[in-house]
Amino acid sequence: MPAITPEEVRHVAMLAHLDLSAEELDRIGVELNRILEYFAQLQKIDTEDVPVTSHAIPMTNVFREDEVQASLPVDEVIANAPDGVDEFFRVPRIIEE
Amino acid sequence: MAWQPCIGLEVHVELATESKMFCGCRNEFAAPPNSLCCPVCLGLPGSLPVPNRKAVEYVIRTGLALNCQVAETCRFARKNYFYPDLAKNFQISQYDEPLTYGGYIEFVADGEPVRIRIRRAHLEEDTGKNIHLPDGRSLVDYNRCGVPLMEIVTEPDFTTAEQCRVYLLELRSLLRYLEVSEANMEEGQLRAEPTVNLINSQTGQRTPKVEIKNLASIKAVHDAVQYEINRQLHAVEHGEEMFQETRRWNQQRGITTVMRRKETADDYMYFPEPDLPPLSPDPQWVAQIRASLPELPQQRRARFISQYGLPQYDAEVLTASKSTADYFEAVAAACADAKAASNWVMGDVQAYLNEHNLDITSFPLEPQRLAGLINLINEGVISSKIAKQVFPEMIATSRTAEQVVEEKGLKQIDDAGQLEAVIQEAIAANPKAVEDFKNGKQKALGALVGFVMRQTKGQANPQLVNQMLRQKLGA
C-alpha cells in the first residue's frame, strides 16, 4: 500500500476544517500511515468472489410509513445550541469556500 | 455558427409527503422556525434515520413517468460538507447508485420536437434555511432540513434557453399530474440550476462549464441561460479568459455575476450511508406503481384534440394543470359543447381565478352549473352577452343559470311581436344610419342593432333583430 503523502494529509485536514501546524501534520501523517498499514493486512485476503460490501448486516428495504410524529418543543430543539436567538440557531459568519 | 450552446439542467423537487424523509416531523412550508425538528433531522447523537416509503414511491413514480429504469438495488450516500444548513455536516443523498436512471422526455420547443435524456432521478434530503444577519452571522431554521427532495438531472442536451423553459413547464406539469409535488418555484418546491457551456462543432473544443444559481422562476431560468449563452459567445469571439465557476443570476440587472470559482473539483468525500440499508424495490411494487400512473399531460393533450376536437392551443392551456383539465372535462361532459366549455374555462373562469387569486379546485361554480349556463346559450334562451352577466351572479349566489335568468328576467326576446316597437323606434331615431344603409353601407346596420340591444338591455335575439331590420329597410 502506498504511503499517504503530506499533501493528502493537508487536503484531508482542510476538508475536515482542521487547522494543523506543520508539526501536527507530520505527526498525523505518520499515525495515519500506521493505521493504513494495519488495515493493509486485509489486502492479503482473497476477495475475488466477494461483492463489494457497504453494510455488514444483510438487510434491505427498511421503511417507515409516511406518518407524522410529534416534533420536539422548540426550546428543547435549541437547548444544546452554543448560541441561539429566540427560536433560531445562530451561527458565526459563514465563509464561502 | 461554430459554437453551439450545451446546457444541462439539475432540478430539485420537494416531495409532497406528510412527514419528512427520515423522521416523522411534519413536512410543512410555513411553520414557526424550528418547530418541526427532532433528534433525527437535527442529527443528534444516537438517532437513526428510517426512509419514508412514500418518498421512495414518489421518486419511482416520477422516474417511470420520465421513462427511467428503476435500480434493482441502490444505496444512500453521505455527502460531507461544512455549512450550517445541515445540522449533521453531511447530507444523505445518492451518489453512484441512483434510484432511477437513464430516461428521457420529449416536447416541442421553438417549433421543433426535442428529446432530452434524463440521466437520473434520485432521492435525498433538503437542507435548512439560513437568514443572514447584518453583522455577518446567520440564523438557522431547520424545519426544511430532512424534507424529502428529489433531484432530476438531465444530460447536457438543451441547445436553447427556450428548450429549458419548455422543459421546466412540462416537468412542473408532470410532477403535478403525478401528485408528487406542488412544484411551485416561488415557494422553492421546484429549484432549477442550469449548467451552460459552448462546444465548437468543428474542433470539439469546449468552454468551461458555468453553473447558474439564484433562479426563482421559470422565466429567470430562461433569461439567465440566454444571458449566459450570449456572454460566453462574446467571450470566445473576443478571446477572453473563461473559468469554471458558479455564477449568480441578478434579477434586477438581468445579468449573471461570479459567485465562486472552482479551482478544484468539489470533494464531498461521498461514502455509503452506514445507517441506511440498501434499497431493492420489489419488482411487483414497481409494477404496481407503473400501473397506477395517471394519464400524463402529453397523453391528455393528444386526447383533448382527438376526442373533443379542440385546437392545439386549447389542449395545451387546459392540460397544463390536472385540476383545470378535470374541471374542463366535467363541464364538457355535462354540456356536450367542448369548444364552448374550453372558451369559458380559459376565458371567464380563468379571469375570475386570476382576479381572486384562487385555484380552480376552490372555484365556487361547479362544472355542472357552468354547463347549465352554456346549455342556455346553445338553446337560444339567452345570448352569450347576457351569459356574461349571469356568470358572476351564479358565482355569488350558488344558483343555477335557469334560476338567475328567471329571477332577473334575462331571457332572450325571441318574439318578433315584442321587438316590433323597439325596431320602429331604432329606425326613427337613427335617420343617418338608415340612409347610409340604404345607400349600400352594410356597416350602418350595426348602429341600429346596437340601439335595439341597448333598449332591450341586451336581451333581444341579435340574429332576429338583424333579420327584422333588414326586412323593414327593404334589404
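In this structure, chain A has heavy atoms under 4.5 Å from both the backbone and the side chain of B/Pro39. Residue contact with chain B, scored on non-hydrogen atoms closer than 4.5 Å, involves the side chain of A/Val85 exclusively. Heavy-atom distances place no part of B/Phe271 under 4.5 Å from chain A, backbone and side chain included. The contact between A/Ile78 and chain B is made entirely by side chain atoms (from C-beta outward), counting heavy-atom distances below 4.5 Å. Heavy atoms closer than 4.5 Å to chain A are found nowhere in B/Cys41, neither backbone nor side chain. B/Val40 does not touch chain A: none of its heavy atoms, backbone or side chain, sits under 4.5 Å away. If you measure heavy-atom distances from A/Asp83 to chain B, the contacts under 4.5 Å come from the side chain alone. Looking at B/Glu273, the atoms closer than 4.5 Å to chain A (heavy atoms on both sides) all sit in the backbone: N, CA, C or O. Within the 4.5 angstrom heavy-atom criterion, atoms from both the backbone and the side chain of A/Glu87 approach chain B.
For B/Gln284, the CD atom counts as loosely surrounded, since its 6.0 Å shell holds 12 or fewer non-hydrogen atoms of other residues, nucleotides or ligands. With a 6.0 Å radius and a threshold of 12 heavy atoms from other residues, nucleotides or ligands, B/Lys79 has its NZ atom above the threshold. The number of heavy atoms from other shown groups lying within 6.0 Å of CD (B/Glu187) is above 12. Counting heavy atoms of neighbouring residues, nucleotides and ligands inside a 6.0 Å radius, atom OH of B/Tyr95 does not exceed 12 of them. Within 6.0 Å of CD on A/Glu23 lie no more than 12 heavy atoms contributed by other residues, nucleotides or ligands. No more than 12 heavy-atom neighbours from other residues, nucleotides or ligands sit within 6.0 angstrom of CG on A/Asp19. More than 12 heavy-atom neighbours from other residues, nucleotides or ligands sit within 6.0 angstrom of NZ on B/Lys88. Summarising the local packing, CG of A/Leu42 is surrounded by more than 12 heavy atoms from other residues, nucleotides or ligands at distances under 6.0 Å.
Annotation for B/Ser35 and A/Ser71: closest pair O-CB, 3.5 Å, computed over non-hydrogen atoms. The two residues A/His55 and B/Pro278 make their nearest non-hydrogen contact at ND1-CD, 3.8 Å. Nearest approach of A/Phe63 to B/Val50, heavy atoms of both residues: C-CG1, 3.7 Å.
Considering only heavy-atom pairs separated by less than 4.5 Å from chain A, the leading option among B/Arg137, B/Lys20, B/Arg26 is B/Arg137. With chain B as the partner, the residue from A/Glu65, A/Glu76, A/Arg64 showing the most heavy-atom pairs under 4.5 Å is A/Arg64. Note: A/Val91 leads A/Ile57, A/Asn80, A/Val12, A/Val91 in heavy-atom pairs under 4.5 Å with chain B. Taking chain A as the reference chain and counting heavy-atom pairs below 4.5 Å, the highest number among B/Asp141, B/Leu42, B/Leu133 is found for B/Leu42. Chain B forms more heavy-atom pairs under 4.5 Å with one residue of A/Ala16, A/Ala81, A/Pro58 than with any other, namely A/Ala16. Contact count versus chain A (heavy atoms, under 4.5 Å) is highest, among B/Cys38, B/Pro84, B/Pro33, for B/Pro33.
For the residue pair A/Arg93 and B/Ser138, no side-chain donor N or O sits within less than 3.5 Å of a side-chain acceptor on the partner.
Here the side chain of B/Arg53 pairs no donor or acceptor atom with the backbone of A/Asp66 at under 3.5 angstrom.
Atoms CG and CZ, from A/Leu15 and B/Phe82 in turn, are 8.5 Å apart once rounded to the nearest 0.5 Å. Here the straight-line distance linking atom CG of B/Asp135 with atom CZ of A/Arg90 works out to 7.0 Å at 0.5 Å rounding. Atom-to-atom distance recorded for A/Phe89:CZ and B/Ile131:CD1 is 13.0 Å, nearest 0.5 angstrom. Between the CG atom of A/Asn61 and the CG atom of B/Leu279 there is a distance of 6.0 Å, given to the nearest 0.5 Å. Atom CD of A/Glu67 sits about 8.0 Å away from atom OG of B/Ser19, to the nearest 0.5 Å. Atom-to-atom distance recorded for A/Ser54:OG and B/Glu97:CD is 7.5 Å, nearest 0.5 angstrom.
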Pair B/Cys37-A/Leu72, side chain to side chain contact (heavy atoms under 4.5 Å, CB included): steps then yes or no:
CA-CA 6 Å; B/Cys37 300; A/Leu72 290 177; 5.8 Å; no
Does the pair A/His11 and B/Asp267 meet the rule for a side chain to side chain contact (heavy atoms under 4.5 Å, CB included), with working shown?
CA-CA 10 Å; A/His11 181 65; B/Asp267 190 344; 2.7 Å; yes
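Residues B/Pro277 and A/Val62 meet the side-chain proximity criterion, which asks for heavy atoms closer than 4.5 Å.
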